[in-house]
Amino acid sequence: MNETIRVCWMYHNIMDLYGDKGNMMVLSARCKARGIHCEIETMEIGQPCDLCSYDLLFFGGGADREQSLLIHDLLQRKEQIASAMAQNTFIVLICGGYQLFGQYYIAADGTKINGLQFFDYYTEAAGNYKRCIGNIAIQAHLDDQEFTLVGFENHGGQTRNVAHPLGKVLSGFGNNAVDHYEGFYNGQVLGTYMHGPLFPKNPEIVDFVIYKCLKRHQPNLKYTDLAPLDDTLEYQAKTCMLKRLEIG
Ligand code: GLN
């Protein structure tokens with residue numbers, strides 16, 4: 001195989017909570033194991049970057065402080081991100097990154113940060129609700145695939161009005177402390193509160209992302225066309241967590 005996936009790791013130096021960089025390490029390793037060339041480039045505040053030239057944009061989580069630091073820069077890139085979306089670039093957003101693609105985020109100190117407003121969801125700091133912290137498991141639905149995913153969440157923000165959640169919460173909180181749905185997925189943008197990191201704990205989601213990136217150049221590709229890898233250890237770890245959460 002001679003295939004390449006080009007990835008932009010947005011704000012890599014400040015949006016990297018709870019091991020989010022592990023997502024990039026595992027993405028790269030699983031591509032390598034299949035002979036797929038994975039080029040990961042990083043982008044920082046103020047750094048010129050052609051966001052339309054990538055197959056994948058990855059934006060990790062960060063605290064209120066980092067979100068406030070980068071928002072001005074992010075809003076300036078709105079047109080480019082929209083044009084990347086129009087060219088089928090796949091986008092993975094974790095927690096703080098996920099919040100900033102919605103209407104707004106009201107931080108713990110009451111500051112309102114206007115988001116990119118690509119989607120209708122909005123996020124407000126916990127208020128009367130407690131912070132959502134701990135291990136989480138969800139039943140996720142992506143295109144025609146069903147996955148049980150595990151992760152770790154830690155967010156004060158309560159995200160509401162999510163038109164297309166990524167999945168149903170089996171244990172933990174998800175988008176907010178009341179409605180038992182987690183994340184966002186519209187076929188091209190995947191937003192989630194699952195740190196953990198997400199990819200090392202859930203090999204099927206990494207493969208799904210690889211598949212979506214390759215599909216940009218090979219429209220007939222199917223998820224099941226990806227060569228299987230030995231995921232024995234990964235699934236043992238996942239089973240252990242699901243048992244701990246008393247699922248299955
Ligand atoms: N600052 C946001 C919140 O607490 C995001 C935190 C995160 O990325 N884990 O809701």
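One-based numbering, in listed order, for ligands and for the atoms of each.
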Please list, in number order, the atoms of ligand 1 under 4.0 Å from a heavy atom of [X].
X: L17; answer: 7 (C), 8 (O), 9 (N)
X: N154; answer: 6 (C), 7 (C), 9 (N)
X: R131; answer: 4 (O)
X: H155; answer: 3 (C), 4 (O), 10 (O)
X: H195; answer: 7 (C), 8 (O), 9 (N)
X: A63; answer: 1 (N)

**Request:** Establish, from distance only, whether the side-chain atoms of H155 and E153 form a donor-acceptor pair under 3.5 Å.
**Result:** yes
**Message:** Any donor-acceptor pair under 3.5 Å linking the side-chain atoms of D20 with those of H195?
**Reply:** yes
**Asked** Measuring from the heavy atoms of Q99, does anything fall under 4.0 Å of ligand 1?
**Response** yes
**Message:** As a test of understanding, state which of V209, I40, D55 forms a side-chain contact (heavy atoms from CB on, under 4.5 Å) with I5.
**Reply:** D55
**Asked** Taking the six-membered ring of Y223, is NZ or CZ of K215 closer than 6.0 Å to its centre and within 45° of its axis?
**Response** no
**Prompt:** Would K112 count as a cation-pi partner of Y105, with NZ or CZ less than 6.0 Å from the six-membered ring centre and within 45° of the ring normal?
**Reply:** no
**Request:** With heavy atoms only and a cut-off of under 4.0 Å, state how Y105 meets ligand 1: side chain, backbone, both or neither.
**Result:** side chain
**Request:** Check each of N88, T89, D143, D207 against K212 using the side-chain hydrogen bond (donor to acceptor under 3.5 Å, both in side chains) test, and report the only one that passes.
**Result:** D143
**Fill in**
The residue among Y98, Y121, Y193 that forms side-chain hydrogen bond (donor to acceptor under 3.5 Å, both in side chains) with N175 is Y98
**Asked** Is the closest N or O pair between D64 and ligand 1 shorter than 3.5 Å?
**Response** yes
**Prompt:** Counting both backbone and side chain atoms, is some N or O of G156 under 3.5 Å from an N or O of ligand 1?
**Reply:** yes
**Request:** List the closest protein heavy-atom neighbour of atom 7 (C) of ligand 1: residue, atom name, distance to the nearest 0.1 Å.
**Result:** C95 SG, 2.8 Å
**Asked** Using 30° and 60° as the class limits, which term best fits the ring planes of F208 and F90: parallel, tilted or perpendicular?
**Response** perpendicular
**Prompt:** Out of G61, G62, G157, whose heavy atom sits nearest atom 5 (C) of ligand 1?
**Reply:** G62
